[in-house]
Each structure stands twice: as C-alpha cells, then as structure tokens.
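Reviewing the structure listed below.
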Amino acid sequence: MFTQLIITGISIGSLYALMALAMSIIYKTSHTPNFAQGEMAMISTFVAFALQTTYQFPLGIALLGALLFSLILGVVIEFCFLRRAKNPTIVDLIVMTIGIQLIIQGIAGWKWGAEQKDFPFLDLDSQLVHFGDVVISHLNILTIGTSLVLMLLLYLFFQHTRMGTAMRATQQNEVAAKINGIRVNRIKAFTWGISSFVGAVAGLFFAPISTLDPYLMWEPLIKGFAAAVLGGMTSLGGAVLGGYLLGIIENLFGAYISLEFKSTVAFVIIVLVLWFRPSGLFAKHYQRKV
Amino acid sequence: MDFFSVKNLTKRFGGLVAVNDLSFTVKKGEIFSIIGPNGAGKTTVFNCISGIYRPERGEVAFEGNQLLGLKPHQIAAKGIARTFQNLELFPMMSTMENIMLGRHIHMKSGLLAGAFMFGRRFRAAQEEVANREAVEKIIDLLDLQAVRDRFAGYLPYGRQKLVELARALALTPKLLLLDEPFAGMNREERQDLYFWLQDIQAELDITIIMIEHDLQMVTGLSDRILVIDFGKKIIEDVPEKVTAHPEVLKAYMGESA
C-alpha cells in the first residue's frame, strides 16, 4: 500500500514538477509569477484534442502540433503583453497574467465549450503492470519517464548551449547580459516559449487522468505554484524536487489522514514554507554586496 | 575621421542636466581618462556610449558609425566593451563562464550545429576551440588561474574586478570603457593592474577610455585627460597641462593651491 502511494505520488508529482519548473523558468528571467501558466497549458492541450478529433490528424502529429503551438503561444504572450509594460511592478505583472489567464479561458470556452470532454489520447490508463502487489499504469510510467527525459534535456540546454547560457546570464544580471551582446528581449521571449512548452507537456499528461475543459489546469497550476514556492521560486532543481515531494505528501495525506482535505495540503505547505523558510527549501541565494 | 568622438552630448534626468553639451575625441590606441568630482556625469557619459541611456541631444561616432539609437547588444557587436563602477558580474557562474560570456558575440553556431559536433573538424568545434583559446590567454594575462572554477559572486572584491575586466577583454573590443578600475583595490592589486592596462593598450591594441579618481594612476597611464564638472567640459589635454589647470588644482589640492 505504502509503495503504491509513493509511486502514484511520484507520477502526479512529476506533473506538478513540470508546472513548477515552467513557472520558475519564467519567474527567474522575467520576475513574473505567471498565473496564466495553467491556461497556456490547457489551451495547448485543447489544440492537441482538436487536431486529433476534429481534424483527424494522427496522434503523433497532434501532439507535436500542440507543443509547437505552446512554444509560439509563450513567445507571443511575452511579445504582445509583458514587453509592452513600462517598468511594471510585481502587482502589475500579476494582474497582467491573471488577465491573460481569463482571456485564454474565454477563448477556450468559446471555441470548445465548457462541457467536459474525454481526451484519452493514449488509452494507457487502463493498461496496468504488476510488480508484486504494486500496480502501475502505462500512463504513470510514460508520465514519469517523459518528465525525467524533459528535465534532463532542459538541464543540458541551460548548461551547455549558447542560448541556455545566455538565458542564465540574463537571469543573473540583465545589464551585464546586454553589454556583452546578448539580446535580452529575445531571450525573454524564448524563455516564455520554453516555459509554455514545459507546461503543455504537463497538460497533455494531466488531461487523460482528468477531464478536458477550460478549467483543466487550475489545480495543477496551484500545486505547481506550491511546489515552486517549496523549491524557492528561483531554483529549477528545487522546483522539481518540490513537485515530487508535494505529489507524494498529498497522496499519503489523502490515504492516511483525510481524503477530503487532500487538495488543501498544497496551501498548508505554502503557508508552512513562508513561516519557516521563506526562501524555499532549496534556493541558493546570492546577496549582492553594495 | 576621428576614431571615436562625442559631440554636443546632453543628457537630462528630469530637471537635472547630468551631461551638458559635452564634446571630446579619442584617438586610436590611446588611454584617455575622464576625471571630475562625484556626480559630475562621468558614468552617465559611459551609459550614453554603451546604449543604456538615451541622451536628448548629441552624437557619438565610432569608426565613422553613429552609435546613438543603437541597442546595447548592437554596440557590443561593434567592438565596444565596458566594466562598471559597481561590478556587474554573473554572480552564480564560475570565473570561466563569466569570461566565456564575453565571447557571446563571437559564437555563431546554433543549437543544432552545437548538438551534432562530432570531432574537431566541424565548424562548431573549431569555433569552440578558438573561443576557449582566447579565454585561456586572458586568464593567463590577468593571473586568474587560481579562481577559474569558483563562483564569481563569492570572490574577493579585487578579483571580481579582474573577472569583469577579463570578460570585457574576451569580447576582443577595439574600444574598452573602464569605470573606476582601481577603486577598492589594495596597493599590490593596483600596481598589477597598472602594468596590465599598459599591456592591454600596447599588446592587444585596444583603445581605453577610463573613469578614475586616483590621480597618480590617471596621470601615469593616460595619453590625454578630460576633466568635467556638472556635466560640462573643464579641459581636455595631456596630463601635464591638465594637472596645471587652476580648476583642477583647486579641486584636487584644495582652495589654497
């Protein structure tokens, strides 16, 4: 029973981890808590759904199309909304992302309706593997595997490519990045694109275990946010660990303590972290000397 | 055509005129210093040159090209590097990574070329080797071997200043802007830097514009000096003439001199 809970916890946790990662990537570069992250993932998932069901594309094409869409969506949002703001405060940025969230929700509701749809893009949830008395669905395995591969690719991208290095440089010191020839505006737009892509992967894997509607990603967004806070908002590794931790804790809490309050665990964790370790569990903080 | 010239530069912040109708020219290969009291507008001049501020009026020309209106990254691409009075490093990156970022404008290969780089004959590989070699030379020149893998943000102040200088050199600039390179350094570090700057000017063939308060260093190093106060030019001349100017004497030696 316990092992079973841990494993399903890790599976849902990897989706929280991806959402947390997506939010942290943006927060680090643009200092924006992106409340539209969930809706960006939701509409990307709808695009996959539409490509497959309405336009009858094969599944692979539908998924690739949705991921490409998410990438472009992120770049467009940065370019059209965030970049236009002149010296925004953090509150301005939050209000702006909430606005974007509502716009996307409106568009999704208008285009696809608010009724709940099934999007079992792979009928994997019913296919099970048994290890002794532990049962794992194919979907769980695929979710965990894909998110690990994606995280590894992101790590390699940030550490070892010109663009990834330029992104880290922009995060650490925008002025220095500029005068070294880095096109900071473009880097920020790409950051939004990549973050949107990561969120969309989470959306695609969350849809089969939930139901597809414009509120699909509301819960994963809040959970991802909690995981990011747990990890310190600026540490990508911390965000990932936070996501897995939250998935496991939530699952154990639901099973042993209270199923009704399972979803509130995330909020309790946010409050506890802010009380005892406001910089997050894993954040490395550099204090600029004056 | 002048190598580098500033004409009638004016920059206002609200009612304050930080730089007031300032003109000067810099010849290729010289060390040119800008001195003046705190708040005289020296750093503002640098920020106008490197594209961080947009001046209200004036011209900045470099090798015949107009710089005003260009973005900082475009100005960097023209071969102008700079350091800052308050250190602008990438604190959570190693010394090596900081200096490598100075090579950014020399890195052309994209993601795909970089990912499929099998063996040294590939263009991306050759580019990488060339960039690494350039960085190694600079690390040798400024004696940064011992700290190459340490986070720049945690180095002693004097070393941080050298890392920033190294990063600026990595851009292989034609023109180097140094904002108070000697400030906060101890005696030994100042001595080293003094000779290194001479090497940089002579051997690397880099023209230097330097803002500095230490008059001994300034007069020793500079070919010519510009003195400004309240954003206006007091005098622009060789060190002997400048140190004999009554307003400079007054500012640096006190009222009675």
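The figures here come from the full heavy-atom set of this structure, side chains too, leaving out hydrogens, waters and symmetry mates. Lettering of chains follows the sequences in order, A, B, ..., and the numbering in each one begins at 1.
In this structure B:H106 satisfies the side-chain hydrogen bond (donor to acceptor under 3.5 Å, both in side chains) test together with B:T172, sequence neighbours excluded. Remark: B:E212 pairs with no residue by the salt bridge (charged side-chain N to carboxylate O under 4.0 Å, His left out) rule, at least two apart or across chains.
Residue B:R187 qualifies as open at atom CZ: its count of foreign heavy atoms under 6.0 Å is 12 or below. Taking a 6.0 Å sphere around CZ of B:R190, one finds it holds more than 12 heavy atoms contributed by other residues, nucleotides or ligands. Within 6.0 Å of the NZ atom in B:K137, the count of heavy atoms belonging to other residues, nucleotides or ligands does not exceed 12. The neighbour count for A:F158 CZ, taken as heavy atoms of other residues, nucleotides or ligands under 6.0 Å away, is above 12.
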Evaluate the side-chain contact (heavy atoms from CB on, under 4.5 Å) criterion for residues B:L89 and A:N173: first the C-alpha distance (whole Å), next the side-chain angles of each, then the deciding distance (0.1 Å), finally the verdict. CA-CA 7 Å; B:L89 286 167; A:N173 191 333; 5.6 Å; no

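Rounded to the nearest 0.5 angstrom, A:R183 CZ and B:I105 CD1 are separated by 13.0 Å. To the nearest 0.5 Å, atoms CD (A:Q172) and CG (B:N98) are separated by 7.5 Å. With rounding to the nearest 0.5 angstrom, the OG1 atom of A:T161 is 10.5 Å from the CE atom of B:M107.
Between B:M93 and A:T165, the closest heavy-atom pair is CE-O, 4.0 Å. Residues A:G181 and B:H104 come closest through the heavy atom pair O-CD2, 3.6 Å. The nearest pair of heavy atoms linking A:N180 to B:G102 is OD1-CA, 3.6 Å.
Proximity to chain A is absent for every atom of B:Y157, based on heavy atoms less than 4.5 angstrom apart. If you measure heavy-atom distances from B:R103 to chain A, you find no contacts under 4.5 Å at all.
Residues B:M92 and A:Q171 fail the side-chain proximity criterion, which asks for heavy atoms closer than 4.5 Å. Side-chain contact between B:I52 and A:V175 is present, with at least one heavy-atom pair separated by less than 4.5 Å. The shortest side-chain heavy-atom distance between A:I179 and B:I80 does not fall under the 4.5 Å cut-off.
For the side-chain hydrogen bond (donor to acceptor under 3.5 Å, both in side chains) condition, no pair includes a residue of residues 147-159 of chain A, sequence neighbours left out.
Contacts with chain A (heavy atom to heavy atom, under 4.5 Å) involve these residues of residues 57-74 of chain B, listed by number: B:P72, B:H73.
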